[in-house]
Amino acid sequence: MTRYAMAVDTVRCVGCSACVLACAEENQLPEDAYRCWITTETRGKFPVLTQEIRSERCNHCTDAPCVTACPTGASQVTIGGIVVVDHEMCTGCKACMGACPYDARYVHPDGYIDKCTFCVHRVERGLDPACVANCPTKALIFGDLDDPKSPVARLTVERKSKVNKPESGADPNVVFLI
Amino acid sequence: MNEIDVIRTNHLVDPALHIWGWEVPVYLFLGGLAAGVMIATALIAAAMPLRQRSAALRWLPFAAPVALSLGMGALFLDLEHKAYVWRFYAALRLTSPMSWGAWILLGIYPATLLLGLASLTDQDLARLQRFLPGPLSRWAAGAQSWAQHRELGLRSVNVVLGLGLGVYTGVLLGAMGARAVWNSALLGPLFLTSGASAGAAFLLLFRLADHERRELARWDRLALLVELGLIALFLVGLLNGSAQAQAGAHQLLGGRFTAQFWALVVVAGLAVPWFLATFEAKKHSRPTMAAPLLVLVGGLSLRWILVAAGQA
């Protein structure tokens, strides 16, 4: 079975925000709304410091709490485990926002809840999500985690990796290569 | 040292994680109060025949749908896509407490209105009919006759739906694993008990007969003690939970919400009204409205503070 996932290479990511802007452009997001963002984590004490830069977004969790919390079925799982929101079914009750461990959702000015879709409209045409296609350092890798030959499956085995908030129990599908 | 900097220029999400404003705690409070009124009026009516009930107690079952409607009005204001409110009733999703809660709310209106009608004497009904248009007035008479023959069943339905509504107001928050302060199975019983005491306190604000007042005050005192115990268990549960849960507990034990929580919920909303009510009962002194009003303030504060703490 197909399980779409994204690997974020934290060694390659420079935090240029090209992914953020490509996403906003591709998905025609309203002003000031973004579906992905950059997190910079600095550890240590000067002068011994390490820094990790991560391009973050909805984790399209395998056990997505937003989907179970949604009272109308607007938050749903589509092809390859991608989690989407059906705008026509969403009441804007924000139960999914309360349930999301990653705070990956926001209220769209049109009244529905919006978030990253892994650019499912592109994936259906065999294309990579806009953020992946536009990353200048090739830090974002998208593919089928259940296909052992796919780059994303291979990299998550070959490289040391982690996920955000593994304690959420949601089994996130955005993996950070470290 | 570990410093995390997030570049996410979305003013709708950042920097606060606040998603629910005043509407949700007000709804949870009024929903709990409605549940308490349903349970209290159904149970107290079981102990006394209709002719022994005061006028206030005969009319008060109607307070539950009124309180619930006000609460649902607040909830409606919170919806971002108000025109799609009907979507709640186009699906029943058992994994979503909000979904089955929406369906419970739908069952509460006929149950409370019929119990209200069953509690009225013929003179009460005649008074009510004066305010109702013709067809509705005839329907009320027919419904009252139907309901009075089934009062026992209606009381049971009201108790079951009241318990469901009271628990649901807590489970709504408790099911959110992402918010450590809310993620406790004890929130269901805690909000149910708080709703039960708020419902009894609300009824005590009206001109009840002495025996009704004594019964409700006894009920309220017991609910306050159970609530105090549940709050203690809730905090112990958080303190023994994950690092996130412990951080949540510290918001109420030394952190940002400590003063409000202890002053408004524990002291003013539970301890003081319990002592006042116990003193009034022991000394047979004239009851005042102070204890019930404090219980209501405490009930609203509990929900307000917990909703805010889960989003801080």
Side-chain angles (χ1 to χ4, degrees), chain A residues 15 17 20 29-30 32-46 49 51-54 56 65-75 87-114 165 167-170, chain B residues 1-21 23-24 75-76 78-103 172-180 182-183 241-245 307 310-311:
Chain A
S17 296
V20 178
L29 299 185
D32 286 346
Y34 298 97
R35 289 179 179 177
C36 54
W37 58 93
I38 302 293
T39 299
T40 306
E41 189 169 346
T42 307
R43 286 188 219 102
K45 202 171 173 186
F46 184 81
L49 293 166
Q51 191 175 59
E52 180 180 281
I53 303 171
R54 302 190 295 264
E56 294 187 353
C66 54
V67 174
T68 50
C70 177
T72 65
S75 278
H87 302 167
E88 292 302 310
M89 291 173 77
C90 180
T91 62
C93 70
K94 293 168 278 191
C96 57
M97 292 175 72
C100 176
Y102 303 101
D103 304 305
R105 292 169 168 242
Y106 69 97
V107 181
H108 191 280
D110 288 347
Y112 57 84
I113 307 304
D114 195 37
K165 296 185 185 169
E167 70 278 6
S168 73
Chain B
M1 193 194 80
N2 194 16
E3 187 182 298
I4 297 177
D5 176 33
V6 181
I7 305 167
R8 190 156 80 160
T9 350
N10 185 342
H11 68 100
L12 298 162
V13 179
D14 295 319
L17 301 174
H18 211 80
I19 53 166
W20 285 329
E23 301 91 344
V24 169
L75 198 60
F76 178 72
D78 179 67
L79 285 186
E80 300 292 340
H81 214 169
K82 295 178 177 55
Y84 280 5
V85 65
W86 59 272
R87 284 281 186 194
F88 281 103
Y89 298 104
L92 171 59
R93 295 178 55 81
L94 293 178
T95 57
S96 165
M98 203 181 268
S99 176
W100 52 262
W103 285 98
L172 184 72
L173 299 184
M176 306 254 173
R179 316 276 171 152
W182 296 347
N183 193 215
S242 64
Q244 234 186 340
V307 167
Q311 304 181 87

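What you see is a predicted model, and the numbers here were worked out from it, not measured in a lab. Each chain gets a letter, A, B and so on, in the order the sequences are listed, and its residues count up from 1. Values below: all heavy atoms of this structure, side chains included; hydrogens, waters and symmetry mates excluded.
Top candidate by heavy-atom pairs under 4.5 Å with chain B, chosen from A/C70, A/P101, A/G15, is A/C70. When each of A/K45, A/E52, A/E41 is scored by its heavy-atom pairs under 4.5 Å with chain B, the top score falls to A/E41. Annotation: maximal heavy-atom pairing with chain B below 4.5 Å, among A/G169, A/G73, A/A170, occurs at A/G73. Contact tally against chain A (heavy-atom pairs below 4.5 Å) for B/M98, B/M176, B/K82, B/R87: the top residue is B/R87.
Between B/W182 and B/W20, the ring planes are parallel. Angles under 30° get that label, and only those over 60° would be called perpendicular. Using cut-offs of 30° and 60° for the angle between ring planes, the A/H108 and A/Y112 rings count as parallel.
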For salt bridge (charged side-chain N to carboxylate O under 4.0 Å, His left out), just list the numbers for B/R179 and A/D103, CA-CA rounded to whole Å, side-chain angles, deciding distance to a tenth of an Å, and then say yes or no. CA-CA 11 Å; B/R179 316 276 171 152; A/D103 304 305; 3.7 Å; yes

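Residues passing the side-chain hydrogen bond (donor to acceptor under 3.5 Å, both in side chains) test with A/S168, sequence neighbours excluded: A/Y102. Residues satisfying the ring pair (Phe, Tyr, Trp, His ring centres under 6.0 Å) test with B/F88, not counting sequence neighbours, are none.
In this structure, the portion of A/C100 lying under 4.5 Å from any heavy atom of chain B is its backbone and not its side chain. Contacts of A/E88 with chain B are made by both backbone and side-chain atoms, with heavy-atom separations under 4.5 Å. In this structure, chain B has no heavy atom under 4.5 Å from any part of A/V20.
B/S96 and A/A69 make their closest contact through OG-O, 2.8 Å (heavy atoms, listed as atom of the first residue, atom of the second, distance).
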